[in-house]
Every structure is written in structure tokens, then in C-alpha cells.
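Counting from 1, the numbers follow the sequence of the chain as shown. A quick note: this is a predicted structure, and the numbers were derived from the prediction, not measured.
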Amino acid sequence: QLQASGGGLVQAGGSLRLSCAASGGTSSSYAMAWFRQAPGKEREFVAAVNWSGSMTYYVDSVKGRLTISRVNTKNTVYLQLNSLKPEDTAVYYCAAAPLGGSVYDHKYAYWGQGTQVTVSS
């Protein structure tokens, strides 16, 4: 199971840190990712991290502003969001992939419930 938290309302230029706590059958050996879905749009890939945290990958639109990380001893993955823009407004979902990370959501077997991020202009 994955439990996402940390969303909220923030002004443009502000920061948030999202957390995703894993439990049950979700292993620290899984690749983890964050996706987001804005109103009226399809869910899109945001960032991924490999099982050890040594490799990360980002969609171009968030590079330099968002940082994904993980602490396996806490079974938690984080997404630090800086310099937020109104277009970052979305529900953010964390996901776990037993067979390695991907930008494709169908590769992820486990999903959190989502946490809302709203950026006001």
C-alpha cells in the first residue's frame, strides 16, 4: 500500500514537499515514481527514482524545480516541489514498479490515493 500526503494550496513561486509512505507488500527494491493529473487532462509522468535512489528521471517541464528522493529505511519517497507554477496544479500520485521504473503508468503495479496540489497565481 502507498499513502501519499503533503499536498496543499500554495502561491506561485512557493514550495511543497510530498511524501509517499509504503507498507505491506510494497518493497524498498521497487522503482518509485510520481505522476500527476490536472483537471480535464490525462495523468502524466512527473519523476521516477530507482530502488537505491542513485538514479532519477524527470519530465522536461519540471527539471530543475522538482526533486524526487527516497529513504528506504523509512519506506518513504519524497517529491520536493520548488518554484511552483499554476500549471503544476494537479492531483499527485505516487506509484511503485516491481520491474523497474518507466514513464508509462501501466508499468506501475501499486498506486497511492493521490494528494492535491493547488498553485495560485
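- Put simply, the side chain of F45 does not reach to within 4.5 Å of the side chain of Y58, judged on heavy atoms.
- Judged by distance alone, the side chain of N50 and the main-chain N or O of A31 form no donor-acceptor pair under 3.5 Å.
- The closest side-chain heavy-atom distance from D105 to W111 is below 4.5 Å.
- Side chain of T115 to backbone of G7: a donor-acceptor contact under 3.5 angstrom is found.
- Between V77 and W34, some side-chain heavy-atom pair lies under the 4.5 Å cut-off.
- Contact check for L66 versus N82: no side-chain heavy atoms found under the 4.5 Å cut-off.
- Counted by atom type alone, R36 and Y92 present one or more donor-acceptor pairs between their side chains at under 3.5 Å.
- With salt bridges taken as basic N to acidic carboxylate O contacts below 4.0 Å, none links D88 and K85.
- In this structure, R43 and Y93 have side chains that are in contact, with non-hydrogen atoms separated by less than 4.5 Å.
- Side-chain atoms of T89 come within 3.5 Å of backbone N or O of V119 as a donor-acceptor pair.
- Qualifying ring pair (Phe, Tyr, Trp, His ring centres under 6.0 Å) partners for Y108, counting only residues two or more places apart in sequence or in other chains: F35.
- Rounding to the nearest 0.5 angstrom, the gap separating the CZ atom in R65 from the CD atom in Q80 is 12.0 Å.
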